[in-house]
Number of protein chains: 2
Amino acid sequence: MTDVQILSREPVTPRRRDAQATRAAILEAAKAQFARLGYDRAGLREIAAEAGADVSLIKRYFGGKEGLFTEALKASFQPDRLKEWDRAAFPADIATMMADAPADEARTHSFQFLLRAATSPTTAPLLNLAVQERFLLPIREWLGGADVHARARVLAAVFIGFLVERLIRGEALEGREREVFMAHVTATFDALLGGG
Amino acid sequence: MTDVQILSREPVTPRRRDAQATRAAILEAAKAQFARLGYDRAGLREIAAEAGADVSLIKRYFGGKEGLFTEALKASFQPDRLKEWDRAAFPADIATMMADAPADEARTHSFQFLLRAATSPTTAPLLNLAVQERFLLPIREWLGGADVHARARVLAAVFIGFLVERLIRGEALEGREREVFMAHVTATFDALLGGG
DNA sequence: ACATTATGTCAATGAGCGTTGACTTACCGC
DNA sequence: GCGGTAAGTCAACGCTCATTGACATAATGT
């Protein structure tokens with residue numbers, strides 16, 4: 001009790017001081033953790049560790065867990081490379097994609113992240129706005145034609161549905177089931193793109 | 001402070017001793033809470049309180065939180081009153097349902113429950129099997145016709161998609177957007193039921 | 001009646017986690 | 001060089017919550 005060893009600042013080579021980089025690293029780690037574990041199970045200590053930073057910096061840079069989450073959510077919407085997609089090939093491409101096994105990539109993580117956010121009463125309202133501006137809007141622009149609002153909704157809904165189905169399925173379809181499945185998917189999107 | 005009143009076992013009318021009923025009540029409360037809050041945010045104390053039981057009984061009857069969850073998950077699959085649905089009216093009925101605001105009913109709760117489970121790596125495999133046997137199978141039987149496997153998958157996927165969309169939207173569609181939306185939904189399900 | 005068992009109650013423990021503030025120290029302008 | 005500020009580190013508080021074991025008592029069979 002008498003003498004608490006004053007531990008001599010070891011050669012811990014403290015982190016290089018770059019606020020921007022640190023912030024970015026934390027955000028990246030947060031995106032991954034939130035996607036993988038969800039809001040509740042993701043721990044700030046874990047996130048900080050993965051980012052090679054200290055927990056307290058999360059408070060400094062994001063205010064707290066919620067702030068970090070909302071930022072990560074915003075950052076999870078890709079700048080939509082929807083435009084790269086050829087309208088003619090779109091239905092068939094999507095069909096193939098949905099019949100295959102879910103890719104274990106950042107894409108899937110982002111999607112799981114969003115899906116998770118949708119199912120949480122806390123984060124749902126926030127997600128609603130984000131979806132409006134960053135998801136439905138681009139789809140509308142890409143779609144064009146009459147009644148884009150309604151059609152974009154349907155397109156988004158169906159798209160999400162197939163993503164969820166693929167997620168639950170977990171593996172690629174094969175044989176005749178695959179063919180028929182793809183045919184239906186293609187037909188569905190064809191109908192939506194054809195306009196109505 | 002001096003004399004802590006030794007509260008004389010008040011007429012607390014201790015719970016009537018009926019293990020089965022208690023177990024059932026806990027399970028019911030669990031289903032509701034898990035659906036509303038998700039696995040992590042749902043508290044055993046809350047669940048027990050809602051069931052009018054004590055926390056420790058959860059351990060006795062279900063082993064713990066995880067056990068309770070898996071049981072609740074199993075019990076969340078309705079015996080599918082799919083059969084009650086008129087095939088002819090099905091597409092239009094679904095369209096109306098999806099265009100409206102999400103009902104705050106047991107139905108919606110069950111769905112959120114399942115969706116939540118789907119997004120959790122822990123519970124996903126379990127859900128996969130459950131979906132196979134309790135969701136896809138009934139749909140197949142109801143559907144009938146050729147290639148039921150593939151068609152049931154598509155049907156389930158689209159159905160889930162619209163549910164999610166409605167969930168995120170949070171409110172009823174109105175005016176022309178509603179009409180066009182419903183028209184598309186109807187057409188989509190018509191195509192699936194028509195066979196192919 | 002009595003003993004046994006199943007059912008229900010209560011209080012405490014211990015871990016995990018977000019949050020917080022005090023303390024170092026590298027970086028940068030002067 | 002020098003001082004000030006921002007970046008990073010550390011330890012601890014307080015809260016929530018699942019878990020657990022000890023205790024009380026109704027129900028049941030003999």
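Every chain is numbered from 1 and lettered A, B, ... according to where its sequence line falls, protein lines coming before strand lines. Atom set for the values below is all heavy atoms of this structure, side chains included, hydrogens, waters and symmetry mates excluded. None of these values were measured; they are calculated from a predicted model.
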>> Could you tell me how far apart L57(B) (CG) and dT20(D) (C1') are, to the nearest whole angstrom?
In response: 13 Å
> R23(A) CZ to dA6(D) C1': how many Å, rounded?
Replying inline: 15 Å
> How long is the line joining CD of Q33(B) and P of dC17(D), in whole Å?
Replying inline: 11 Å
> Is A42(A) touching bases, backbone alone, or none of the nucleic acid, heavy atoms closer than 4.0 Å?
Replying inline: sugar-phosphate
> Over how many whole Å does the gap from R17(B) atom CZ to dT7(C) atom C1' extend?
Replying inline: 4 Å
> So, E50(A) and Q33(A): side-chain donor and acceptor under 3.5 Å apart, yes or no?
Replying inline: yes
> Is a salt bridge present between R45(B) and D54(B), judged by a nitrogen-to-oxygen distance below 4.0 Å?
Replying inline: no
>> Both S56(A) and R45(A) contact DNA chain D. Which one's nearest nucleotide lies toward the 5' end?
In response: S56(A)
>> Using a strict threshold of under 4.0 Å (side-chain N to carboxylate O), is an ion pair present between E71(A) and K74(A)?
In response: no
> Can you tell me how far C1' of dC17(C) sits from CD of E66(A), to the nearest Å?
Replying inline: 15 Å
> At under 4.0 Å, does any side-chain N or O of K65(B) touch on OP1 or OP2 of dA18(D)?
Replying inline: yes
>> If you assign each of G63(A) and A19(B) to its closest nucleotide in DNA chain C, which residue comes earlier from the 5' end?
In response: A19(B)
>> Between P on dA12(D) and NZ on K59(A), what's the gap in Å once rounded to a whole number?
In response: 18 Å
>> In this structure, how many angstroms lie between the C1' atom of dT7(C) and the OH atom of Y61(B), rounded?
In response: 5 Å
> Quick one: do K65(A) and D40(A) make a salt bridge, cutoff under 4.0 Å?
Replying inline: no
>> Quick check on DNA chain C: between L44(A) and R60(A), whose nearest nucleotide comes earlier from the 5' end?
In response: L44(A)
> CZ of R41(B) versus C1' of dA18(D): gap in Å, rounded?
Replying inline: 17 Å
